[in-house]
2 protein chains.
Amino acid sequence: MGIRLMLADDHRMLREGLRRSMTDQGFDVVGEARDGDEAIHLAEDLQPEVILMDVTMPEVDGVEATRQIKERFSDIKIVMLTMHADREVLAAAIRAGASGYLVKDCSTQEIADAVRMAASGETALSPQLAASMLAEVRKLDQPSRDEDRVITKREEEVLQLIANGCSTGEVAEQLYISQKTVKNHLASIYQKLDARDRTQAVLQAVRMGIIHLD
Amino acid sequence: MGIRLMLADDHRMLREGLRRSMTDQGFDVVGEARDGDEAIHLAEDLQPEVILMDVTMPEVDGVEATRQIKERFSDIKIVMLTMHADREVLAAAIRAGASGYLVKDCSTQEIADAVRMAASGETALSPQLAASMLAEVRKLDQPSRDEDRVITKREEEVLQLIANGCSTGEVAEQLYISQKTVKNHLASIYQKLDARDRTQAVLQAVRMGIIHLD
DNA sequence: AAGGAAATGATCCGAACGGCCTATACGGTC
DNA sequence: GACCGTATAGGCCGTTCGGATCATTTCCTT
């Protein structure tokens, strides 16, 4: 029999397609998980050689599931699947211990190759995510590096709290700083984001993806 | 030969899986498109009976592509595929003229059934999106009717201008009304949206889809 | 004809906001 | 050691904001 493979994806359509493709490629698909939690438990029971794991799944996402599985069963290789080439997610996946990272828009052959490479201990990245990225990723390994950061971490905290509905005073309380400091941070934010009040600052930050709406 | 089917999805993996599944189910897969633009052109050339169209695609999204295809070739049936059950998108898809709406987490059999139903003029919705939704959607079909409108048209104008960066005075100028009236509208908005200041009001309105970020 | 919602407008007032200036402390970098 | 950015904090001041209350007109529905 071929390499013992397990699938983890919350979309049945994709699981079915993968199971057929991978079986045809000579792999032994020993199980399918519908979410990250199930993936963790099934990995323990089935002990597959390689797991093809989707990034976005209910309950526990693929990255976290990967982290937990690699923590307990470090010889299980995990190839991540994702819809879109996202550097942040790629970095997180590599950090979590993934042996590969594939964009779903790749051929059956490419997936099969990646699984075989993973099984033999190599790392496979989607052709779309060239090797050039790898270096960058290693560098960018530290959680949200300081370069190209528009506003500072503290300013971001302030802005996020404002977006969450806090007033200046409430932000000060939550961060254990004075109202004046909060206003200082805001003034700095206004400059950096080219905003003239908190409303514009928050909107601009949302547009730029700096902060998130609940 | 079976029903002439065309696929439109930007993920090759999904296209390959679908092509195999649908071919097995007796359909005649006559073409595949990688984005909305290609889907529109291929639909014209191939004149398929049914198109399985992903919602999220580059260039032109599935909903817009559906709208354009139905506008010119109203007898081509389109079944939308989506990753997640989203009422807003569902409503948009139905408005655009889609004959079906499937969540990707459904079986090959369900997809095949939906395609057959679409071909015979019926509307198929994912079991996950019960028929109960349909009524709601049809009701909500007219572009922003007055009922169940949270804030009035005027209030919406005010809020949109605030979101665009206007101060109270600037809103007043643009709408040819006094600052006081703007403040009155805002006060009314705060009540309705459960906000205590313009920042929260705008954010809440964005969350609710009442206003849009540039 | 009556009632109600929407849009318009006003006054008063306290609280919040934003601009401006200054200052200290800490951590890096040159 | 000097310098720069960040985080902290204070004061001052004029502007803006939001709450409360009230009035007028128009339009739509009852």
Side-chain angles (χ1 to χ4, degrees), chain A residues 139-206 208 210-211, chain B residues 139 142-206 208 210-211:
Chain A
K139 184 178 65 186
L140 150 170
D141 203 285
Q142 287 74 27
S144 51
R145 66 263 165 257
D146 285 357
E147 305 99 49
D148 86 313
R149 167 185 282 288
V150 188
I151 61 176
T152 69
K153 290 187 295 294
R154 198 55 159 174
E155 287 163 356
E156 189 179 314
E157 286 179 351
V158 171
L159 207 46
Q160 184 65 58
L161 286 171
I162 297 282
N164 290 347
C166 294
S167 64
T168 303
E170 289 165 349
V171 172
E173 281 177 29
Q174 292 212 24
L175 297 182
Y176 304 106
I177 56 180
S178 78
Q179 292 204 18
K180 196 59 204 63
T181 302
V182 175
K183 294 174 83 172
N184 287 142
H185 286 312
L186 280 172
S188 171
I189 291 168
Y190 297 152
Q191 280 199 327
K192 293 176 179 176
L193 297 191
D194 191 31
R196 60 174 165 181
D197 55 43
R198 55 192 64 211
T199 303
Q200 289 311 304
V202 169
L203 285 177
Q204 186 60 31
V206 169
M208 294 172 66
I210 296 174
I211 61 171
Chain B
K139 186 177 65 183
Q142 285 74 26
S144 58
R145 64 262 162 256
D146 283 0
E147 305 96 50
D148 87 314
R149 166 187 282 289
V150 188
I151 61 176
T152 69
K153 288 187 295 295
R154 197 56 159 174
E155 286 163 357
E156 189 179 314
E157 286 179 351
V158 171
L159 206 47
Q160 184 64 58
L161 285 172
I162 297 283
N164 290 348
C166 294
S167 65
T168 303
E170 289 164 349
V171 172
E173 281 176 30
Q174 293 211 24
L175 297 182
Y176 304 107
I177 56 179
S178 79
Q179 292 203 18
K180 196 58 206 63
T181 302
V182 175
K183 293 176 82 172
N184 284 337
H185 286 312
L186 280 172
S188 172
I189 291 168
Y190 297 152
Q191 279 199 327
K192 293 176 178 175
L193 298 191
D194 191 32
R196 59 175 166 181
D197 54 44
R198 54 193 63 210
T199 302
Q200 288 311 303
V202 169
L203 285 178
Q204 187 60 31
V206 170
M208 295 171 67
I210 297 174
I211 62 172

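Proteins get letters first, then strands, A, B, ... in listed order; numbering begins at 1 in each. The model shown is predicted, which means the values in this text are computed figures rather than measured ones.
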State which of [options] makes the closest approach to the side chain of [X].
X	options	answer
A:Arg154	D:dT8, C:dG19, D:dG19	D:dT8
B:Lys180	C:dT11, C:dA7, D:dG11	C:dT11
A:Ile177	D:dT8, C:dA10, D:dG11	D:dT8

Using OP1 and OP2 only, check whether a side-chain N or O of [X] sits under 4.0 Å from [N].
X	N	result
B:Ser167	D:dT16	no
B:His185	C:dA6	no
B:Thr168	D:dC17	yes
B:Ser178	C:dG9	yes
A:Thr181	D:dA9	yes
B:Arg198	D:dG18	yes

*Beyond-backbone contact of A:Ile210 with A:Leu193, side-chain heavy atoms, under 4.5 angstrom*: yes

*CG-CE distance between A:Leu203 and A:Met208, expressed to the nearest 0.5 angstrom*: 13.0 Å

*About how many Å separate CG of B:Leu175 and NE2 of B:His185, when rounded to the nearest 0.5 Å?*
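Answer for the NE2-CG pair, B:His185 versus B:Leu175, is 8.0 Å.
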
Rounded distance in Å - [atom1] ([X]) to [atom2] ([N]):
X	N	atom1	atom2	result
A:Glu155	D:dG5	CD	C1'	10 Å
A:Tyr190	C:dG19	OH	P	7 Å
B:Glu157	C:dA6	CD	P	15 Å
A:Tyr176	D:dA9	OH	P	14 Å
A:Gln179	C:dA16	CD	C1'	9 Å
B:Leu175	C:dG9	CG	C1'	15 Å
A:Asn184	C:dC17	CG	C1'	13 Å
B:Asp197	D:dG19	CG	P	9 Å

*Where do B:Ser167 and A:Arg196 come nearest, in terms of heavy atoms and distance?*
N-NH2, 3.4 Å

*Kindly indicate, with the supporting measurements, whether the criterion salt bridge (Lys or Arg N to Asp or Glu O under 4.0 Å) is fulfilled by B:Arg154 and B:Glu157.*
CA-CA 5 Å; B:Arg154 197 56 159 174; B:Glu157 286 179 351; 2.6 Å; yes

*First encountered from the 5' end of DNA chain C, between B:Lys183 and B:Lys192*: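 Here B:Lys192 is the residue nearer the 5' end.
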
